[in-house]
Amino acid sequence: MHRITLLFILFLLIPDVYIYFVYIVRRTKSLLLRSLYWLPTILLIVGYLYFMTGDNAMSNHTQGIGRLAIAIILFVIPKTILMLCSLIGVLVHFIIRRCPRSPFTAIGLVLGAISFCNILYGTLVGVSRFEVKEVEYHSANLPKGFDGYRILQISDLHIGSWQGNPEPIKRLVDLINAQKPDLIVFTGDLVNQQSHELDGFQQILSQLHAPDGVYSILGNHDYGSYYHWPSPEAEAQNMVYLKEQQKAMGWKLLNNEHDILHHRGDSIALIGVENDGEPPFSQFADLPRAMQGTEGMFQILLSHNPTHWRREVLPKSDISLMLAGHTHAMQGILFGHSLAELLYPEWRGMYYEGDRALYVNIGIGYVGLPFRFGAWPEITVLTLRK
């Protein structure tokens, strides 16, 4: 924690120190104005130390930490852009004496202003700019009765991040039901840290409806492993409550098990496993157990972490289609790219290996940072085609 705090303060101070000595000191001799320049930085450091002190800070101050994080990047990123542009101007002026530094400062100010506006948009609008994506999966092995079958997938709701703000979730439920899918699936991370985050949202989420029901699986956040529990019993009870609430909402949780779906005289297997992530994420999936009894059937797998596809699903099963979430596309996509690409070979959309496929939904909610830009909250409507 002390290392993180030190890195945070350095990250905050470096552009401030540069701008202070290069611009502020040269442009004003007023001690009052020079002091006022440091006020936002001091307030951000005080806020960080206040919210991040003690155990379970993210759970106890979810909204406060989110707002603080946005305030920090609103100040730091534009200042960092200005600093980098200014340094480039210094370097160019050193090499080419006739080249002035002022155009680089102007570019830094413009780019900084653009980044400031984008961050504001991603915070105020982007987090609830729900986007419906229509995709198709074609397979010669699909039973004829399921040709045209519509599966709606949502993922990574992180309901704790919506505390005190249920209206977007109500709008989300209405938008989902308006798609009139045959089946709704949720691919994990219903909560952030504690199952009681669901309190107050059960009635809203219970209104999700599809003829073949609502199925769900667990994601890494659903186990409560990011929370410091007073006892193992309390941690176990947290999971019991989560399962009870999903059942009360009318959702069917598939924990290393399967169900058979019937449609127009044909049937397919819907398989769900517990989270199976690459370390340090939890690995509780038991795919052989979940598949038992589905041999020879067309199989669809729900598994939270997309890396499970290449690690086990492709080499050790005949599953035709896997649906995953988890990546959030790092809550930011710019010019078609995301930092998620550095961690996940498959981070959004459809991926094929022969006629077998993986679809990665980039999620609805957010963790920590109430921000989405480019990676708009996703509702996937996947149509099966023979």
Side-chain angles (χ1 to χ4, degrees), residues 137 151 153-158 183-193 195 213-227 232 235-236 238-244 246-247 251-261 268-328 340 343-348 350-351 353 356-363 367 380 382:
Y137 170 68
I151 301 173
Q153 180 195 7
I154 54 173
S155 193
D156 298 82
L157 195 52
H158 292 284
L183 173 73
I184 296 173
V185 297
F186 176 77
T187 47
D189 278 0
L190 181 55
V191 299
N192 287 337
Q193 299 192 43
S195 56
V214 181
Y215 286 82
S216 64
I217 57 170
L218 298 175
N220 52 295
H221 279 264
D222 295 320
Y223 295 91
S225 53
Y226 303 111
Y227 189 84
E235 185 173 2
N238 177 72
M239 179 56 69
V240 169
Y241 187 75
L242 182 66
K243 293 178 180 178
E244 290 175 347
Q246 291 205 39
K247 184 176 181 180
W251 295 18
K252 183 166 184 179
L253 181 63
L254 295 176
N255 264 354
N256 297 324
E257 52 194 321
H258 69 267
D259 209 352
I260 306 300
L261 303 177
I268 63 175
L270 181 67
I271 303 166
V273 293
E274 295 193 55
N275 188 64
D276 195 295
E278 73 290 354
F281 296 111
S282 54
Q283 295 181 320
F284 297 118
D286 189 340
L287 186 58
R289 173 188 166 191
M291 293 175 57
Q292 191 171 1
T294 68
E295 295 82 359
M297 299 185 70
F298 184 89
Q299 303 161 325
I300 297 176
L301 173 66
L302 309 180
S303 182
H304 180 65
N305 193 308
T307 64
H308 188 205
W309 191 51
R310 292 198 181 277
R311 284 187 288 105
E312 182 179 22
V313 177
L314 283 178
K316 298 181 181 179
S317 80
D318 295 319
I319 289 170
S320 299
L321 175 63
M322 173 174 148
L323 305 179
H326 182 63
T327 70
H328 296 213
L343 298 176
Y344 300 100
E346 294 85 21
W347 59 279
R348 71 156 178 175
M350 188 76 81
Y351 300 87
E353 284 289 342
R356 302 171 70 188
L358 162 72
Y359 189 85
V360 183
N361 177 295
I362 61 174
V367 177
T380 307
L382 190 150

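The distance from atom CD of Gln283 to atom CD of Glu274, rounded to the nearest 0.5 Å, is 12.0 Å. Note that the CD atom of Glu353 and the CH2 atom of Trp309 stand 5.0 Å from one another [nearest 0.5 Å]. Rounded to the nearest 0.5 angstrom, Ile300 CD1 and Ile268 CD1 are separated by 4.0 Å. Atoms NE2 and OH, on His328 and Tyr344 in that order, are 9.0 Å from each other to the nearest 0.5 Å. Within the model, atoms CG of Leu270 and CD1 of Ile217 stand 9.5 Å from one another, a figure rounded to the nearest 0.5 Å. With values rounded to the nearest 0.5 angstrom, Leu343 atom CG is found 8.0 Å from Glu278 atom CD.
Side-chain atoms of Glu244 do not come within 3.5 Å of backbone N or O of Leu242 as any donor-acceptor pair. Judged by distance alone, the side chain of Glu257 and the main-chain N or O of Ala290 form no donor-acceptor pair under 3.5 Å. Side chain of Asp156 to backbone of Asp189: no donor-acceptor contact under 3.5 angstrom is found. Using modelled atom types, no side-chain atom of Arg310 and backbone atom of Pro345 make a donor-acceptor pair closer than 3.5 Å. Between the side chain of Ser195 and the main chain of Asn238, a donor-acceptor pair closer than 3.5 Å is present. A donor-acceptor pair under 3.5 Å links the side-chain atoms of Gln153 to the main chain of Ala324, judged by distance alone. Under the 3.5 Å distance criterion, the side-chain polar atoms of Tyr223 are matched with a main-chain donor or acceptor of Asn275. For Tyr137 (side chain) and Ser320 (main-chain N/O), a donor-acceptor pair under 3.5 Å exists by modelled atom type. Side-chain N or O atoms of His258 include none that pairs as donor or acceptor with a backbone N or O of Ile271 at under 3.5 Å.
A 4.5 Å side-chain heavy-atom check between Tyr215 and Leu261 finds at least one atom pair inside the cut-off. Leu190 is not listed as a side-chain neighbour of Ser216, based on a closest heavy-atom distance of 4.5 Å or more. No side-chain heavy atom of Leu323 sits under 4.5 Å from any side-chain heavy atom of Thr380. Inter-residue side-chain proximity for Phe284 and Leu218 is flagged as unmet; no heavy-atom pair is nearer than 4.5 Å. Residues Met291 and Leu301 form no side-chain contact, since every pair of their non-hydrogen atoms from C-beta on lies 4.5 Å or further apart.
Leu287 pairs in a side chain to side chain contact (heavy atoms under 4.5 Å, CB included) with only one of the listed residues (Asp276, Ile319, Asn256), which is Ile319.
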Query raised in the report: Could you walk me through whether Val185 and Ile151 pass the side chain to side chain contact (heavy atoms under 4.5 Å, CB included) check?
Result: CA-CA 7 Å; Val185 297; Ile151 301 173; 4.0 Å; yes

Report task. Take Val191 and Asp222 through the side chain to side chain contact (heavy atoms under 4.5 Å, CB included) test and state the conclusion after the steps. Result -> CA-CA 6 Å; Val191 299; Asp222 295 320; 3.7 Å; yes

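Thr187 and Ser155 get closest at one heavy-atom pair: OG1-OG, 2.8 Å. Nearest heavy-atom pair across Val313 and Met322 is CG2-SD, 3.8 Å. Considering all non-hydrogen atoms of both residues, Lys243 and Asn255 come closest at CE-ND2, 3.4 Å. Taking both residues in full, the closest heavy atoms of Met350 and Ala357 are given as SD-CB, 3.8 Å, listed atom of the first, atom of the second, then distance. Closest of all the heavy-atom pairs between Pro306 and Val360 is CB-CG2, 3.8 Å. The heavy-atom pair separating Glu312 from Pro315 by the smallest distance is O-CD, 3.3 Å.
Between the side chains of Asn192 and His158, at least one donor-acceptor pair of N or O atoms lies under 3.5 Å.
Between His326 and His304, the ring-plane angle classifies as perpendicular under the 30° and 60° cut-offs.
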